[in-house]
Every structure is written in C-alpha cells, then in structure tokens.
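The sequence lines fix the lettering, A, B, ..., with proteins before strands; numbering per chain opens at 1.
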Number of protein chains: 2
Amino acid sequence: MGSYTHQQLEEFLSPRNIAVIGASPNNQWFGNILENALKSGFDGQFYPVNPRTDEVRGIRAYRSISDLPDGKIDLAILLVKSSIVLETLEKLRKKGITNVLLVSSGFAETGEEGRRMQDRLRQYCTEHGIVLMGPNCLGFMNLQERVSAFCGGAVEGELIPGAVGVVGQSGATSEAIITKILKKSVGASLYLTTGNEAMLTVEDWMEYLVYDESTRVITCFVEEFRDIEKLRQVAFEAARRKIPIIILKIGRSAKGRKVAISHTGALAGNDNIVDGLFKQLGIVRVETIEELAETAVIFSRCGLPKGKGLGICTFSGGLSGLYADLCEKYGIELPSLQEKTIQRLEALLPEFARPDNPLDVTGSGFLQGLNEIVRSMLEDENLDIVAPMFIPPQDKDDPVGFLNESYMSLIDTAEKPVVPIVFREMTDYAGEYLRDRGLYFMEDPDTGFKAVSHLIEYAGFIRRFREGSSSASCC
Amino acid sequence: MGSYTHQQLEEFLSPRNIAVIGASPNNQWFGNILENALKSGFDGQFYPVNPRTDEVRGIRAYRSISDLPDGKIDLAILLVKSSIVLETLEKLRKKGITNVLLVSSGFAETGEEGRRMQDRLRQYCTEHGIVLMGPNCLGFMNLQERVSAFCGGAVEGELIPGAVGVVGQSGATSEAIITKILKKSVGASLYLTTGNEAMLTVEDWMEYLVYDESTRVITCFVEEFRDIEKLRQVAFEAARRKIPIIILKIGRSAKGRKVAISHTGALAGNDNIVDGLFKQLGIVRVETIEELAETAVIFSRCGLPKGKGLGICTFSGGLSGLYADLCEKYGIELPSLQEKTIQRLEALLPEFARPDNPLDVTGSGFLQGLNEIVRSMLEDENLDIVAPMFIPPQDKDDPVGFLNESYMSLIDTAEKPVVPIVFREMTDYAGEYLRDRGLYFMEDPDTGFKAVSHLIEYAGFIRRFREGSSSASCC
C-alpha cells in the first residue's frame, strides 16, 4: 500500500504537464485522454512519447522519455505493455518523474506470474518513492482543478465541479457511476480509479477525500478492501466531520466474490463481516449504481433530519398505499399526524378526505394548492422529513406549475428536508426547476425511498456517534 | 359484482356516441375527455349535457337528458354530484341508455353513508340491467378500437394499440402505469379503471381480458380483491392460454392496508394469503410501477425460456460482480459454462481472460465484436437466456454501433431469449434500435434482473401447469 502525504497526492492530482508513454494513433487511449481533458477544461499540456512518430493526434511527440523536456513533466501516464513497465519506470525516474498513472493491464488480474510482476512493481515504487496509481485502471479526473488524466471513453455529462468524490476499483463500473451522478447535475470533486492497487488503494483515496475540503460526500465502488484498519480510521474521521461514505461493494454472492478475485486480484472476504463493519462505522451500503447515485444526491442536497418520521402528501389513495408499502420495506416510519395537524387539515381539505399519513389530499384538495397543507406538515412535530407530490411542468408557462410553486416558498425556511415526489414522467424543465432550488426529488420511488432510508439511518448514526464521541477518543 | 356477458362488455368498450352528463366549462373533466379522445384517434361523437348552456368547449350541449337524440347514445359518462346519481340513472334508463361510466366520487370511500348510497346504486343497476363502471374512477381507453372515455389528465405517450391490458382500481396510479408502458413503446390493448367497483370489478375485467384476443399480457393495480373464486378461475384460464398476469397489489404493510380500505372502501385481507394464492395461480406479483412496466415489456417481447439458466456477457469485471450479486438477490441461476463453450471462448478472447459466467470478455475482447462470443453462449446447453452487453449509439453512424450489430443477426434465429444489458446512458436512437428489433433490454439492472426472474419463474409455472393439467380439469 502507499503511504504518501496528503500534499504528495494533491500534487499527483494537479499536474500541468503530462507525458503519455505509449501514446499511439492506432488505439483509442490517447484520443480518450485528450477528449476528457478538453471536456474538463484542462489548460495544461500533453507530451506523447512514441518511438515511431513525431506527432500523435496533432500533438508533437517525443521518440523517447529521455527526449522529454527536463524538469517539466509532473505526471506520466503509462500505456505500455506490462512486460516493459518496470524499465519504463526506471527511465522516468532518471528523468526525475515520480508521479505515475499506470493504465496498463497484465498484472495480478492475469494469474500467478502477473501477481509476481505486480509485487516487483510495488517493491520498486516503495524503494524509489514513486507515487503510483494502478495498474489496470483508467486514471482520474480532478474536477475542482479542471484536470483530467483519464483514458476511459464512457464518462458522459458535464464535468461540473462539486462536492461528491467518487473512487472505484473497476474502471467501467465507476464510469457508469460518475456519469449517473453528473447527469443528476450534482457536481463531483474528484473521480479516481484504483485498478489493481499496487500502491494506492481505495482506502488511501478515501482518506484523501475525507481531508479534501471540497468533498462533502464520498462514494466508492469496491471489489475488496485491503486495509480494514485504515478503513476504520477513515470512517471515524469522516463521521467526526459528518461526511457520509456510500459504498457499492460487490461480493454478496459467491459468484460475485469469485469475480472480484479474478478481476483485480483482490482477496475476497466474508460478506457478513463487511455488513457488520459498515453498520458499526456508519458506512452506507448500496446495491446498485442507481441507488449509489440517488443516495449521493440526497446527501448532497438535504440536511440531516432530526428524527426518523417521514410525512407523505399525495393526491391519490393508490399511491398512498404503494408508498406506505415501500416505506415499510425500507424501514421508514410514517408517524401519525399530531391532533392539531389533523384539525388544520380537516379545515383545508374536502369533507370526505381523511387526514392521515400518507396524506391523500384527493384530487380537489390538490387543485387548491399545497401551501397550507405542506406548511401544516412541516409544523407537525411527529414529522422530520416531508415528501409532497410534485407534478412536472413542461415549461415555465405550464399551468400545473402553480401547484408546486405554492409550497416552494416554504422550503427555504423549513428546518426539515423537503423531498418532492414526482408524479407522472419527469420533464427536462422540471428537473432543472428542482435542481435550481437545490432539492433532492424522487423520480423512481423504489430507489428514492431507499435513499431516504439511508439519510434517516445516517442521521441516527451521527446522533449516536456525537453522543458517544464526547467520551470515547476513537471507534 | 357484475355478471355481464363478454359481448355486453365489448359493446360497453366500443361506443360511437357518448353523452357526458354534467360536462362543464368550469372544470377540467370534459376537457380531459376530449383531449384523450383526440389522442386516441376516436372518430365518434360527444353529447355534453348541461342545464345552463348550449355549448361546452365548442361542442353543442343539451339542456337535459331527455333532449338527447333518441336511440343514438351508446355510453353515458356521469360527472354529476353523488347525491343525484340515482335519479340521473333513472333518466338515462328512460332514454334507453344502460351503459354508464360513473366518474363521480362520494360513495363508499367517504364512509358509512356513502357505502349505503353505493349499495342502493348496485341494487338499482342489478335490477335494471345497467352496465356500470365506477363510481370514483377515471374511465377507460380502448386502444385497439381507438376509443377513449377517459377523464384523467396524466396519461402520456402515444396511444399505440398493442398486447398489454391494464386494469387499475386507482385512477392516478394506473395513469402512471399506462404511461410507463406506453413510453416503452409497448402498445396497450385496453386500459380500464374500476374505482369503487359497485358493479364491474377488477376480477371481471381480468376475465374479459383473458378472452380478449388482442390482449397477451394482463397487468393490474389492485387495492383489494372482492371475488377470490373468480380470480382463481381467471388465473386458471390465463395459464391455459399462456397469458401472464402481473399484479401490483398494495397492502403489504399495515398502513398500506389501511389506505386501501379508506380509498375505495375495499375489504383488506391478510397479505400472506395473497402471496400464497398468487404463487399457486402463477400470478406475477410486483412491488412498484417501474417493475410492473418492465415485467410487462419483457413478457411482451420475449418467449418463455426452456430452463432457469442465465448467461451474462460484459466487458467489465466490476459489472460482472455487480450483476452476479443482483442475480443471487433475485434467485436467478448463473450456470457454469459447458466445457466446449469454455474452449471456444478461450480461442476467441485475449490470453488473460478467463471464460466464466458472468463472462468478462475484457475491453480488448469486446472490441473485436461479440458475434462468435454470443453465438457460443447461445449454443451452450446450460444457458436458457443470454444477456450480452449493449453500448447505446448516439445515431446510426456512431462507430460503437458495430459492436451491437455484430450479434444482432443471431437473434432472429435464436431459440433463447436475448436480453441486451445497456452499458452507460441510454440514447433515444438506441432505444428505438432495440425496440425495432423487438428486444427487451435492461436499462436499470435492478428492475431488469427482477423482470428476468419473473420471466424465468413464470416459464417454470407454465411447465408445471402443463404437466399437471393433462390430468386435472381445474386448479
């Protein structure tokens, strides 16, 4: 494992001049690197190295590492065959280049011989103080600094700087994760792939993100941990700073564990131990990429609720029942309304409506606007989160807009998270409308309620942690 | 309950001349009816009845029911207050109109008095042979016949005639259901809302759909059943005809059951009994609107697999592990590959790839095209469904298109369902591409694998049913 300082890693993630060893016009790697850098707004420079050409994709190339300008390169990306990686590192070191992103595969993931090669690689890096990401990874994006050293081709969405950090042991999977997060218009701080983790592990990067000031939510895709003690320490510090850690960890199934072993050469453990550990450390475990993204978004946009009670307000009895079932599935409490709330609602709603939680305001109740209804729920002491119905307008002139607008003014001053539940299909305009107001909203109720349950559980963990940590000094 | 003939209901669902009693320019009901009819391609005529005007929304109105043209009206939609419904029915009957869609609320769902009113309504309809849908419902759409008598305002998507029937006790929820189905470009045959079910129940309409020639998949949103014996008979006949029934039944939670009672005045039962009954009858139970729609689509587009084994092919170890975990969660078997398949794959894939299920073809394996890889999986006798990776192209000129194209030619002759798994975000073009080829595809793996598990389980039920039914005459 790597034992680098925070400053070393900060420098690793902020290069201005990047050499790309093995950049070739014959495959997609260097093209992807350039395209991602362009998208990120990178204004540094690339220095392709290729023994057979003076130019790759319109950029001046160098025949060898020794030809590179002296003292200028602050990161080298290696795309060369695994068999020549060690000698390449030696050449880079002689040139004074010790920050290396090793993309090449062909190490521990290929079997015993590859594993031995990776051991030699680790030994070399340790002896010579080389900061190494990889092998068998896709690189990183530093969205806050507008730097990208990333050779994958599947990250979509605008590379908006934001508060969510993403670390993944699998390149393709983490590309799907960062894309889902960016498409929800939640910006990211850093996106890091670790691959085989010869030196830098997912635990190292989690530690980095905890101390990184721009990161407020940490998300990870993990096949296997390598340093449980470090994970423990990182989780403790994250809890102290109220930074949630959300992890999609594969290996629940025997097949999944087998895959994890063969993929990045990780050691697969007992999954129940992982579950127990996560619970103890307040780590949020998710099961799918979609759930990970939803959970990251709710943590980015909502404060922590003071208690466990959710209040739901819809205009449909059928949906009320459906939501009640989903809440039970995810252990979300739907407390009864206070007597004063029931009386207020009885005065507001049609005669035949029966104020309850979930609240069915009925079609005609809804048409008068939700202002007073949502206000009375926000003032109900049994409720800690309020989830009112939201009808997506097509555009700003859509008459349904007023139904949502009626309760938006309450949200700024509300001391409880307000989570609109989208009825019927989402529109682009409505998505932007809710995002501009900084709101998390439920589009797919199944994943949405699961995200709400994570928010509630994490809030409970933080309360217990704060009570406990006034006496204890560590976990 | 209603005891109508199939022909009576067929006529009820195919009106040409529709009177709308209580059509008003002051609310949205009649406007919605007209808009839905226009979208459906309805070329019949509406006859609004309103004592205070000669025209509603540009259509000639009649001051009273007695003013309506004689012998012409074949359906009346009632939008009047519940207190005058009975006298209105009497006027309609005198005019020879006995097909009635009763939209008005204010019956059993409002409490004891409303329940008594609904009892009188039922008695009246029974005595006078009135075919009644409702009260407290939104009406219906007959997409096959291009007729709509529907007053909800939230159905989106093109009203394509197709093979999926949708019945819902809740109006708003079923609008969300039919919209999700239509948005997936799976056409619908009939869309029916039943509301309080004074006469026609969800069981009646399920029976109708089983015998309706255009319907091949039946989906329902149910708060409570009223006639378990009928449900049993319908399910038996559906199994005989290999028509899957997919039901979203609320009431798993105590809150959900409470809601069901107050919403449509239904009697709520023990949910475990429902689970057991569904299992016995081969009814597919789903938990969310999204899962219902996905399951309807997979049944519409895929034949039944011969066995339980799924083969997955991706280019990412991380995704392989994730999918393996999801398959275990939903009880989907991922059998080992046959020795001959492993040998074929070893020859096709890079040296370091290890043929297994899920199969990680690795990045470079994928780039050569999946033709032979998918073929060898289709020819593996351990596998009954094959799910290969699919990368959504932006348009027909997108170079990634060839990766998918490489295995499309195999699908027409394949005797196994092929279910592409979408990697990264779906595009409009790719959605159409897959739909044009009649393929079910997984976009959200969680719901997608759950739909696959329903397909596998239902196929097993049908095999057992066919073996059993050669001796038994009924369930």
Under 4.5 Å heavy-atom distance to chain B, tell me which part of [X] shows up: side chain, backbone, both or neither.
X: L322(A); answer: both
X: Y323(A); answer: neither
X: D356(A); answer: side chain
X: E156(A); answer: side chain
X: E443(A); answer: backbone
X: Q28(A); answer: side chain

> Can you name the one residue among D325(B), L326(B), L334(B) that meets side chain to side chain contact (heavy atoms under 4.5 Å, CB included) with S253(A)?
Replying inline: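 Considering D325(B), L326(B), L334(B), a side chain to side chain contact (heavy atoms under 4.5 Å, CB included) with S253(A) is found only for D325(B).
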
> What pairs with D275(B) under salt bridge (Lys or Arg N to Asp or Glu O under 4.0 Å), at least two apart in sequence or on another chain?
Replying inline: R252(B), R285(B)

> How would you list, by chain and number, every residue that makes a salt bridge (Lys or Arg N to Asp or Glu O under 4.0 Å) with K81(B), sequence neighbours excluded?
Replying inline: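 None.
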
> Is the count of non-hydrogen atoms from other residues, nucleotides or ligands lying under 6.0 Å from E35(A) atom CD greater than 12?
Replying inline: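 12 or below, so no.
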
>> Please determine whether the number of non-hydrogen atoms from other residues, nucleotides or ligands lying under 6.0 Å from atom CD of E113(A) exceeds 12.
In response: no

For [X] versus [Y], what's the shortest heavy-atom pair and its separation?
X: F423(B); Y: A154(A); value: CE2-CB, 3.7 Å
X: S316(A); Y: S170(B); value: OG-OG, 3.6 Å
X: G318(A); Y: F221(B); value: O-CZ, 3.6 Å

> Are E425(A) and K183(B) within salt-bridge range, i.e. N to O under 4.0 Å?
Replying inline: no

> Do R424(B) and E175(A) have side chains that get closer than 4.5 Å, going by heavy atoms?
Replying inline: no

>> Between D446(A) and D446(B), is there a side-chain heavy-atom distance shorter than 4.5 Å?
In response: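 Side chain of D446(B) against side chain of D446(A), heavy atoms only: contact under 4.5 Å found.
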
>> So does L319(B) get a backbone contact from the side chain of T173(A), meaning a donor-acceptor N/O pair under 3.5 Å?
In response: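 Present.
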
> So, K255(B) side chain and N357(A) main chain: donor-acceptor pair closer than 3.5 Å or not?
Replying inline: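 Yes, K255(B) side chain to N357(A) backbone: donor-acceptor pair under 3.5 Å.
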
>> Heavy-atom cut-off 4.5 Å, strictly under: side chain, backbone, both or neither for S174(B) against chain A?
In response: neither

> Side chain, backbone, both or neither: which part of E290(B) has a non-hydrogen atom closer than 4.5 Å to chain A?
Replying inline: side chain

> Do you know which of D444(B), V155(B), T447(B) has the most heavy-atom pairs under 4.5 Å to chain A?
Replying inline: D444(B)

